[in-house]
Novice: 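One structure is given below, represented as structure tokens, and several questions about it will come after.
FYI, the numbering just counts along the sequence from 1.
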Amino acid sequence: MDLQKLYSLQRQLDKRIETQHGLQEENLVEKKILALLVEIGELANETRCFKFWSVKPAAPMEKVLEEYVDGLHFILSLGIECNFIHTVEEDEDKRYSLVEQFLRVFQAANEFNKAKSLESYKRLFTTYLQLGTQLGFTSEQIEQAYIHKNEVNHERQNQNY
């Protein structure tokens, strides 16, 4: 996955949104963290991995991937906002259940919210990438879905979303 390309695309989208909505001087970190948490919740909801009371299947993988890249947009945006860039995709040998991995991502987001450090950002990004792998997505699928959703987000700005 070409993270530098994704950061560049995100930087362009962020600049456009901030300019179009007059937010250049506003600190958006907390709003972006909350948006990320909402997106992670929406992603979990589409996977239905925690819904032990229901037999309804998960959403189609295309929908799950779309929700996943929504979260990736905010992680990239947070890195840009805080001048943190994640360049290395770290693998971890230990496998977690999908529920455990979602909880790890939520915990990492909470830790980032508290510390706002490069270390906490890298942990957040890494656990999120691990979640994507666990969901069965390849780096290529994630990158292509991100690029597509980024284009959709620009079109939404064209339509005063």
Novice: Might you confirm whether atom CD of Glu119 has over 12 heavy atoms from other residues, nucleotides or ligands at distances under 6.0 Å?
Specialist: no
Novice: Considering only residues two or more places apart or on different chains, which pairs with a residue in residues 108-118 satisfy salt bridge (charged side-chain N to carboxylate O under 4.0 Å, His left out)?
Specialist: Glu111-Arg123
Novice: State which residues pass salt bridge (Lys or Arg N to Asp or Glu O under 4.0 Å) with Lys63; sequence neighbours excluded, sorted by chain then number.
Specialist: Glu67
Novice: Running the 4.5 Å side-chain criterion over Ile, Leu, Val, Met, Phe, Trp and Tyr, what cluster does Leu103 land in, apart from itself?
Specialist: Phe50, Phe52, Trp53, Val99
Novice: Please check if Leu78 and Leu13 belong to a single hydrophobic cluster, counting links between Ile, Leu, Val, Met, Phe, Trp and Tyr side chain heavy atoms closer than 4.5 Å.
Specialist: no
Novice: Using 0.5 Å steps for rounding, measure from the OG atom of Ser77 to the CG atom of Leu72.
Specialist: 11.0 Å
Novice: Restricting to pairs with a member in residues 146-157, which pass salt bridge (charged side-chain N to carboxylate O under 4.0 Å, His left out), not counting sequence neighbours?
Specialist: Glu66-Lys149, Asp70-Lys149
Novice: side-chain contact (heavy atoms from CB on, under 4.5 Å) between Lys51 and Asn45: does it pass, once the steps are laid out?
Specialist: CA-CA 8 Å; Lys51 294 189 175 189; Asn45 200 46; 2.7 Å; yes
Novice: Applying side-chain hydrogen bond (donor to acceptor under 3.5 Å, both in side chains) to Gln157 and Asn153, what does each step give before you reach the verdict?
Specialist: CA-CA 6 Å; Gln157 291 304 307; Asn153 288 339; over 6 Å; no
Novice: Under the side chain to side chain donor-acceptor pair (under 3.5 Å) rule, collect the residues that match up with Glu18, sequence neighbours excluded.
Specialist: none
Novice: Identify, with sequence neighbours excluded, every residue that meets side-chain contact (heavy atoms from CB on, under 4.5 Å) alongside Ala115.
Specialist: Ser117, Ser120
Novice: Are Tyr128 and Leu118 co-members of a hydrophobic cluster defined by side-chain heavy atoms under 4.5 Å apart?
Specialist: yes
Novice: Any pair with a residue in residues 71-82 that passes salt bridge (charged side-chain N to carboxylate O under 4.0 Å, His left out), sequence neighbours left out, goes on the list, sorted by first then second residue, please.
Specialist: Lys32-Glu81
Novice: Gln4: what forms a side-chain contact (heavy atoms from CB on, under 4.5 Å) with it, not counting sequence neighbours?
Specialist: Asp2, Ile85, Thr87
Novice: In the structure I gave you, are the side-chain heavy atoms of Val152 and His148 within less than 4.5 Å of one another anywhere?
Specialist: yes
Novice: Show the numbers, then the answer: is there a side-chain hydrogen bond (donor to acceptor under 3.5 Å, both in side chains) between Arg104 and Gln107?
Specialist: CA-CA 5 Å; Arg104 291 180 75 234; Gln107 180 181 11; over 6 Å; no
Novice: Sequence neighbours excluded, which residues qualify as side-chain contact (heavy atoms from CB on, under 4.5 Å) partners of Leu135?
Specialist: Leu43, Thr47, Val64, Tyr68, Leu98, Leu131, Phe137
Novice: To the nearest 0.5 Å, how far apart are CZ in Phe112 and CZ in Phe125?
Specialist: 11.5 Å
Novice: I need the Leu3 CG to Leu76 CG distance, nearest 0.5 Å.
Specialist: 7.0 Å
Novice: Please round to the nearest 0.5 Å and tell me the distance separating atom CG of Leu129 and atom CE of Met1.
Specialist: 5.0 Å
Novice: Minimum heavy-atom separation for Gly132 to Ile142, with atom names?
Specialist: CA-CD1, 4.5 Å
Novice: Does any part of the side chain of Leu36, heavy atoms only, come nearer than 4.5 Å to the side chain of Phe106, both counted from C-beta?
Specialist: no
Novice: Hydrophobic clusters here meaning ILVMFWY residues chained together by side-chain heavy-atom distances under 4.5 Å, can you tell me if Ile17 and Tyr7 are in one?
Specialist: no
Novice: Are any of the side-chain heavy atoms of Glu39 and Glu42 separated by less than 4.5 Å?
Specialist: yes
Novice: For a 4.5 angstrom cut-off between non-hydrogen side-chain atoms, does His73 reach Gln10?
Specialist: yes
Novice: Could you give the distance from CD (Gln24) to OG1 (Thr19), rounded to the nearest 0.5 Å?
Specialist: 4.5 Å
Novice: What residues form a side-chain contact (heavy atoms from CB on, under 4.5 Å) with Lys31, not counting sequence neighbours?
Specialist: Glu26, Leu28
Novice: Is the shortest side-chain heavy-atom distance between Ser54 and Arg48 below 4.5 Å?
Specialist: yes
Novice: Is the closest side-chain heavy-atom distance between Gln134 and Arg95 below 4.5 Å?
Specialist: yes
Novice: Determine whether Glu143 and Ile147 make a side-chain contact, defined as any pair of heavy atoms from C-beta on separated by less than 4.5 Å.
Specialist: yes
Novice: Looking at side-chain heavy atoms only, is the closest gap between Gln101 and Gln130 below 4.5 Å?
Specialist: yes
Novice: Side chain of Thr126, backbone of Lys122: donor and acceptor closer than 3.5 Å?
Specialist: yes
Novice: Would you say that more than 12 heavy atoms from the other residues, nucleotides or ligands in this model lie under 6.0 Å from the CD of Glu25, or not?
Specialist: no
Novice: If we ignore angles and hydrogens, is there a donor and acceptor under 3.5 Å between the side chains of Arg16 and Asn158?
Specialist: yes
Novice: Applying salt bridge (Lys or Arg N to Asp or Glu O under 4.0 Å), name anything that partners Glu46, two or more places apart in sequence or on another chain.
Specialist: none
Novice: Please confirm whether the backbone N or O of Ser97 pairs with a side-chain atom of Glu100, one donor and one acceptor, at under 3.5 Å?
Specialist: yes
Novice: Hey, does the side chain of Tyr121 reach the backbone of Ile75 with a donor-acceptor pair shorter than 3.5 angstrom?
Specialist: yes
Novice: Just jot down the ring pair (Phe, Tyr, Trp, His ring centres under 6.0 Å) partners of Phe74, sequence neighbours excluded, or say none.
Specialist: none
